[in-house]
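The next block holds one structure in the form of structure tokens; read it before the comments.
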Amino acid sequence: MLTKKILHKNYTVNRKFYQLKLPFDIDCIIPENDSVRLLSQFVEEMDLTELYSTYSKIRENQVSPTNMLKIMLYGYMNGFYSSRDIERACRRDINFMFLLEGASAPDHSTFARFRSLHFAPCAKKILAEMTNFLYDIGEISGKSIFIDGTKIEAYANKYTFVWKKAVTKNMAKLLIKIADLVKECEELYEIKLIYKNKVQMRHVKKLKKRLYELKKIENIEFVHGCGKRKSQLQKSIEKLEEYLSKFKEYNKKVYTCGERNSYSKTDNDATFMRMKEDAMNNGQLKPAYNVQHGVDAEYISWLTVGPQPTDTTTLIPFLKSMQQNLNFKYLNIVADAGYESEENYSFIEDNNQIAFIKPSNYEISKTRKYKNDIGRIENMDYDSENDLFICQNGKTLKVDGIKFKKSKTGYKSEKTIYICEDCSNCSYKSKCIKGNNSKTPFEQRTKKIETSKKFNRQRKEDLERIITDEGILLRINRSIQAEGSFAQVKHDMNFRRFMCRGQNNVLAESILLAMAHNVNKLHNKIQSNRTGKHLFELKEAS
């Protein structure tokens with residue numbers, strides 16, 4: 001009977017009741033055109049010196065870093081993002097066993113350590129290695145790159161938020177309390193610290209030192225608990241210690257925020273952003289990262305991860321990072337209206353590249369309301385010789401001065417101010433001058449315009465490029481390829497939330513996802529005979 005044997009920990013004691021029928025050579029079971037074979041060959045062609053350098057020692061029975069990378073990529077290719085899911089697949093899936101090459105399956109913590117300790121430090125180099133290889137075999141054109149961004153939720157609690165504005169307000173209130181406490185202690189203990197009625201932090205430190213000296217001189221013992229009365233000196237010292245502790249906490253929060261407006265306590269690198277996925281329809285902000293994809297021939301050739309809630313300031317860091325790591329340089333930079341700015345135009349010009357960026361006013365400028373708005377500078381006649389604008393009433397707007405403006409990133413722009421010579425008794429004044437927040441009465445107001453000549457020239461040149469046949473082709477491909485990469489990552493691969501914390505680990509995870517996407521794309525192109533095609537051609541209207 002099996003009564004005793006069935007309860008045994010070793011289940012192989014019942015082997016006589018069945019026979020193993022799987023072939024010992026797993027290679028025979030896997031089809032010849034399976035993507036796991038392509039992945040294995042692709043990774044073998046890559047230079048993984050940077051990855052191996054993160055190991056101090058590799059044991060004989062340890063799975064090699066090359067095979068670990070293969071397994072992680074194949075897991076991401078098939079929607080296994082958790083280290084526990086990848087471990088389970090290595091024990092049950094023959095394709096994962098094929099990549100193990102006879103070695104025993106590592107545990108989940110080994111995969112987690114590989115992703116954060118070994119792959120993360122060299123993730124950019126490995127992505128660059130893949131992109132350079134795709135360029136060498138002709139799968140990437142290296143001419144036009146299509147850039148777009150999306151927000152992916154961080155692995156952080158959405159209720160552990162810290163708002164910089166709230167912290168600075170509380171810090172200002174706390175400083176007032178500290179100043180009042182210093183003045184109170186001066187009167188109580190006859191200590192002179194403040195000069196010219198101005199409290200500084202060095203005065204607070206001196207006060208703390210003096211109070212503890214008084215405690216020692218008067219031999220006062222602090223008491224705690226119910227039924228014990230505290231001395232006035234103890235109350236003052238405890239209140240001062242509480243204020244200083246709170247001040248230190250506020251300082252740390254402001255330092256962690258940096259230039260951001262918020263961060264999450266469970267992932268300090270994550271910033272609260274407004275996401276498209278809003279289940280409650282209340283505009284709730286969630287901790288997230290802004291992921292930028294640069295796509296060429298449907299492959300993600302480069303990516304960056306940042307805390308910026310908007311795309312405008314992400315373009316220059318993206319282009320710099322890409323240029324530092326890739327062996328080739330893109331000529332055409334294609335992006336949507338969210339990337340338009342004078343700083344971005346200027347950087348692309350100085351970098352000897354061509355911008356195909358859709359102007360932010362491109363769609364609205366086609367409307368009748370925009371064209372009939374006589375108050376807009378675009379609808380006024382410009383006299384380039386005399387550098388003045390002519391309004392609807394025939395009045396001239398002459399240069400009144402030049403203003404320099406500095407952005408958050410440090411870029412300085414020059415804006416020219418134009419003021420109308422005379423707006424009194426103008427029949428078009430109500431349509432030309434708008435805005436109800438001015439303190440000046442409407443009758444006394446004069447038309448004033450601020451504009452950047454450099455930005456106007458850059459936008460005009462860019463507009464001329466994007467309406468050409470080449471510009472239309474590139475813009476359509478941007479919407480197909482760049483936005484298509486996010487559709488495949490979020491919907492096809494079902495990746496909606498990061499599994500790691502910290503910007504470096506999130507970047508590593510994004511690169512693993514991009515590399516998995518690229519191998520899947522290469523496999524599909526090979527099987528459908530689409531290799532070597534970089535752009536989707538325009539369909540002619542019949």
Side-chain angles (χ1 to χ4, degrees), residues 116 151 153-189 191 193-195 197-216 220-226 228 230-275 283-290 305-309 408 498 500-507:
S116 59
K151 297 167 189 171
E153 191 174 348
Y155 184 51
N157 192 319
K158 59 186 176 181
Y159 298 110
T160 58
F161 43 77
V162 175
W163 303 106
K164 187 177 182 180
K165 193 173 182 180
V167 173
T168 50
K169 280 185 178 180
N170 291 333
M171 184 183 286
K173 293 177 182 177
L174 180 64
L175 289 173
I176 295 172
K177 290 181 179 179
I178 292 174
D180 293 340
L181 179 63
V182 173
K183 293 177 182 177
E184 180 186 333
C185 289
E186 279 188 330
E187 296 175 359
L188 284 173
Y189 309 108
I191 302 172
L193 296 170
I194 305 172
Y195 298 95
N197 202 26
K198 189 175 181 181
V199 180
Q200 297 179 355
M201 192 51 64
R202 60 188 178 89
H203 298 144
V204 180
K205 292 180 180 178
K206 280 185 180 180
L207 175 63
K208 181 181 176 182
K209 187 178 179 181
R210 292 279 186 89
L211 292 179
Y212 274 104
E213 286 175 356
L214 282 174
K215 174 180 177 289
K216 188 177 181 181
I220 298 175
E221 291 186 6
F222 286 180
V223 295
H224 302 280
C226 297
K228 296 180 180 179
K230 295 180 180 180
S231 63
Q232 183 62 44
L233 183 63
Q234 181 179 352
K235 291 178 181 178
S236 300
I237 290 176
E238 287 181 352
K239 187 181 288 187
L240 183 62
E241 292 282 6
E242 179 189 348
Y243 287 168
L244 289 175
S245 175
K246 206 68 181 174
F247 182 75
K248 187 177 179 181
E249 179 190 336
Y250 289 156
N251 263 332
K252 186 179 179 182
K253 287 180 178 179
V254 172
Y255 176 79
T256 305
C257 271
E259 296 181 355
R260 300 176 294 166
N261 294 323
S262 63
Y263 73 89
S264 172
K265 292 179 183 177
T266 46
D267 184 359
N268 292 349
D269 292 338
T271 308
F272 279 79
M273 307 177 187
R274 184 163 279 106
M275 311 286 287
Q284 183 184 19
L285 301 178
K286 294 181 181 178
Y289 289 93
N290 192 342
V305 173
Q308 303 94 329
K408 290 182 179 179
F498 288 110
C500 303
R501 292 188 175 100
Q503 188 166 335
N504 290 334
N505 291 335
V506 166
L507 176 63

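What you see below is based on every heavy atom in this structure, not just the backbone, and it leaves out hydrogens, waters and symmetry mates. Since the structure is predicted, the reported quantities are computational estimates derived from the model, not experimental observations.
- Interatomic distance, CH2 of Trp163 versus OG1 of Thr168, reported as 13.0 Å (0.5 Å rounding).
- Leu188 CG to Lys235 NZ: the interatomic distance, rounded to the nearest 0.5 Å, is 11.0 Å.
- The backbone N or O of Pro307 lies less than 3.5 Å from no partner atom in the side chain of Asn290, so there is not a single donor-acceptor pair.
- Atoms CG and OG1, on Asp267 and Thr160 in that order, are 9.0 Å from each other to the nearest 0.5 Å.
- Scanning all heavy atoms of the two residues, the minimum distance from Tyr155 to Cys500 falls at CB-O, 3.7 Å.
- Closest approach of Leu233 to Leu214, counting heavy atoms only: CD2-C, 4.0 Å.
- When atom types are taken as modelled, the side chain of Gln234 and the backbone of Val223 share a donor-acceptor pair closer than 3.5 angstrom.
- With hydrogens and angles left out, the side-chain atoms of Ser262 and Thr271 include no donor and acceptor closer than 3.5 Å.
- Ring-plane geometry between Phe161 and Phe272 is classed as perpendicular, the angle between the planes exceeding 60 degrees on a 0 to 90 degree scale with a lower cut at 30.
- The backbone N or O of Gly258 lies less than 3.5 Å from a partner atom in the side chain of Lys164, making a donor-acceptor pair.
- A donor-acceptor distance shorter than 3.5 angstrom exists from the side chain of Arg260 to the backbone of Asp269, with no hydrogens or angles considered.
- For Glu221, the CD atom sits in a loose shell: 12 or fewer heavy atoms of surrounding residues, nucleotides or ligands are nearer than 6.0 Å.
- Residues meeting the side chain to side chain donor-acceptor pair (under 3.5 Å) test with Ser231, sequence neighbours left out: none.
- Contact of the Tyr189 side chain with the Arg210 side chain is not registered, since no non-hydrogen atoms from C-beta on lie closer than 4.5 Å.
- Put simply, the side chain of His203 does not reach to within 4.5 Å of the side chain of Lys205, judged on heavy atoms.
- Residues Tyr250 and Leu174 are in side-chain contact: their nearest non-hydrogen atoms beyond the backbone lie under 4.5 Å apart.
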- For Glu184 and Glu186, what are the C-alpha separation, side-chain angles and deciding distance, and is it a side-chain contact (heavy atoms from CB on, under 4.5 Å)? CA-CA 5 Å; Glu184 180 186 333; Glu186 279 188 330; over 6 Å; no
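- Between Lys158 and Gln284 there is a side-chain heavy-atom pair separated by less than 4.5 Å.
- A cation-pi contact, defined as under 6.0 Å to the ring centre and within 45° of the axis, links Lys215 to Phe222.
- The side-chain heavy atoms of Met171 and Asn251, taken from C-beta on, include a pair separated by under 4.5 Å.
- Of all non-hydrogen atoms in Thr266 and Asn157, the two that sit nearest each other are OG1-N, 3.0 Å.
- One distance of note links CG of Leu244 with CG of Leu240; it measures 4.5 Å at 0.5 Å rounding.
- Looking only at side-chain heavy atoms (C-beta outward), Phe247 and Leu175 come within less than 4.5 Å of each other.
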- Message: Set out, in order, the CA-CA distance, both residues' side-chain angles and the distance that settles side-chain contact (heavy atoms from CB on, under 4.5 Å) for Met275 and Glu153, then state yes or no.
- Response: CA-CA 8 Å; Met275 311 286 287; Glu153 191 174 348; 4.2 Å; yes
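- At a threshold of 4.5 Å between non-hydrogen side-chain atoms, the residues Lys265 and Val162 count as touching.
- Between Ala154 and Phe498, the shortest heavy-atom distance links the atoms CA-CD1, 4.4 Å.
- With Arg501 contributing its side chain and Ala156 its backbone, the two residues share no donor-acceptor pair below 3.5 Å.
- Here the CG atom belonging to Leu207 is positioned 4.5 Å from the SG atom belonging to Cys185, to the nearest 0.5 angstrom.
- Ion pairing between Lys246 and Glu242 fails under the 4.0 Å rule for side-chain N and carboxylate O.
- Classification of Glu241 and Lys208 as a salt-bridged pair holds, one side-chain N sitting under 4.0 Å from a carboxylate O.
- Using a 4.0 Å cut-off between charged side-chain N and carboxylate O, Lys230 and Glu238 make a salt bridge.
- Between Gln503 and Tyr289 the shortest side-chain heavy-atom distance falls below 4.5 Å.
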